[in-house]
Protein chains: 2
Amino acid sequence: MTPVNLKSLAQALNLSIATVSRALQDSHEVSTQTKERVRALAAELNYQPNAYASSLRRNLSKTIGVVIPKVANHFFALAINGIEEVARQSGYHVLIYLTHDDYEREVSIIQHLKGGRIDGLLMSVASGTEDFAHIKSLQDSNVPIVFFDRVCVEVSTAKVTTNDYESGYQATEHLVAAGCEQIAHLLISNNLSIGRNRLQGYLDALQAHGRIHDPELILQGVMDNQQNVGLIRELLERRPDIDGIFASVERLAISSYHVCRQLGRVIPDDIKIIGFSNLESASLLEPPLTTITQPAYEIGKEAAKILLRGVEKKKAILPSQSMVLESTLFGRESTARV
Amino acid sequence: MTPVNLKSLAQALNLSIATVSRALQDSHEVSTQTKERVRALAAELNYQPNAYASSLRRNLSKTIGVVIPKVANHFFALAINGIEEVARQSGYHVLIYLTHDDYEREVSIIQHLKGGRIDGLLMSVASGTEDFAHIKSLQDSNVPIVFFDRVCVEVSTAKVTTNDYESGYQATEHLVAAGCEQIAHLLISNNLSIGRNRLQGYLDALQAHGRIHDPELILQGVMDNQQNVGLIRELLERRPDIDGIFASVERLAISSYHVCRQLGRVIPDDIKIIGFSNLESASLLEPPLTTITQPAYEIGKEAAKILLRGVEKKKAILPSQSMVLESTLFGRESTARV
DNA sequence: CTGTTAGCGCGTTCAC
DNA sequence: GTGAACGCGCTAACAG
């Protein structure tokens, strides 16, 4: 089977490669008539330009990368939908990479991305990442980056986040208002910006309501969820006075719910739980889990838009283009924009 | 800033481009000494080969495509994890495309993929797809394809599925054994192989237990979930004798749960629900939702393995390489391999 | 062991 | 309006 490329098209039409190329790009300097001829044959033979040859020549790949911890998490799943949507509309392709929250893997991925494979990168950093040289180095090789959700404050570029501090504050206030005396806070990693902000909201809300800060009530989870269940269980057994839990991530909220059931603690009479989550089924739980829900799909879309704008203009993306979207609190009796 | 490519490396080292290229590929025909020199400089300058130039030359992109309906569904999210894992281990990149179950979009995506961008494709067809010319045409341009979950029987290649018929049968038997008299079946599209197989399992199980087939009990859902809720509600109101629901997909199971609550039907006393789902939180519902869970992560891994094996060997992938994995039934009191 | 040469398919000069 | 020629960065065949 003969390959269908510019050369073969040109031969079949008795034209030069250059003319065919121009015709397909709708160049002004080619007669309408030949344009038609070329297009007709191209359509008939199902011609598709070789993406790599084109990328090589134009030094532009029409591809963006997405680096996230994992996708088996409703937030990222929804975000990808938004990203793909925007990318597709602009004719971009989407490469996906998972770090599994592993620093080494993140570095290796970023390293590979320096081969000109992508025109821009959307990223949510791994929870273990503390050194950002690899990210800066990618940026230095002219690959624009936009962070979303788990941002990296040390790198100067646009970031799309939610109002983590405010929602952490409000989540805590929600529990205080519901009468909780001892509110535990569960987070996954405290070198993650989102974790820090939510924690700070928690701390400030407690202080604002005259509670003294009890470090024992703050539990940092680990990667393995089975272990987290154990840790939460220990905490609740050691401190039976805990009557409120604010979970900073979905998994910990679900695990808390689970542990409370195991221990026979009645929700919400004995203990109240509120957690960040994008799980639709959370509202089906009985009692429903009170959640802080991030607009994941919109975050993906906005991040992609900012990135593509920067890519097309070939201009550096500035921190001033950052966006903060609002989370929503879905409670048993209330739904509120945070 | 001077570009760091083979040429610049060669100049700096007083070597030819070819030698540098060979050295970096650890070719046998280059002295250990020069290899060292080359590698040292490459590492220092952070050289990364241009992926597109390489792909163009070798006619090989080290990239696979994944085309799925959407990712905001636990099954596909988990499958992607498996795919990415296998791909990464073999040095492959993963391009992702979402069809949103839209035929036109699927055709357009497949069309674009013919530009040599990918070495192979993993695919779960859109529920609206009835014509497979676009898929066959891609296959004709030498792009190996492996289907997973939502396969396309008309195309000759390997398929990775779960035992849909058997689990549909068992799910139905589960409800029969639990004493249900009128069992409704909810499915999303009956031109999808998985839907058909699950439905057939349902029908055969009913027949085996001497039940007469009542077409009114079979409800075909639509794309919009809000509408599905309405449809399910109507069905349950029209047929209050329904005391069992077997939902073929996650969303319909969740929606059923929702509607039953709205209508004040008590689960599982009045009505029992069983559904295909990969939602971990399903077990937290009270009462827990009985689910048939597909090994999504493994399906992704196996499909990717078969595809990459074919890609590396540059040989056509045969239907005989297909795999059928087993789903698991998670019930209130039992957990069983189907 | 190393260098020279010739493309991969495409887009862009520069001629005519 | 069209064609010839060059080069993007890299790999592979052929010399020496």
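In what follows, every chain begins at residue 1, and chains take the letters A, B, ... in the order their sequences are listed.
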For C/dC1, does OP1 or OP2 lie under 4.0 Å from any side-chain N or O of B/T19?
-> no

Please state how far atom NZ in B/K62 lies from atom C1' in D/dC10, giving the value in whole angstrom units.
-> 16 Å

Residues A/H112, A/Y97; criterion ring pair (Phe, Tyr, Trp, His ring centres under 6.0 Å); working and verdict = CA-CA 11 Å; A/H112 274 291; A/Y97 301 91; 8.5 Å; no

Would you call B/E298-B/K301 a salt bridge at under 4.0 Å N-O?
-> no

Residues B/D101, B/R150: salt bridge by 4.0 Å N-O rule | yes

Considering only heavy atoms from C-beta outward, does the side chain of A/Q294 approach that of A/D149 to under 4.5 Å?
-> yes

How close or far is atom C1' of D/dG1 from atom CG of A/L13, stated in whole angstroms?
-> 16 Å

Is there a side-chain contact between B/T161 and B/I194, using heavy atoms and a 4.5 Å cut-off?
-> no

Reading nucleotides 9-16 of chain C 5' to 3', which nucleotides get B (base under 4.0 Å from a protein heavy atom), which S (sugar-phosphate only), which -?
-> BBBBB---

Which is true for B/S55 with a 4.0 Å heavy-atom rule: it touches a base, it touches only sugar-phosphate, or it touches nothing?
-> nothing

What is the distance from CG of B/L24 to C1' of D/dG9, rounded to the nearest Å?
-> 13 Å

Measure the acute angle between the ring planes of A/H74 and B/H74, then classify it against the limits of 30° and 60° as parallel, tilted or perpendicular.
-> parallel

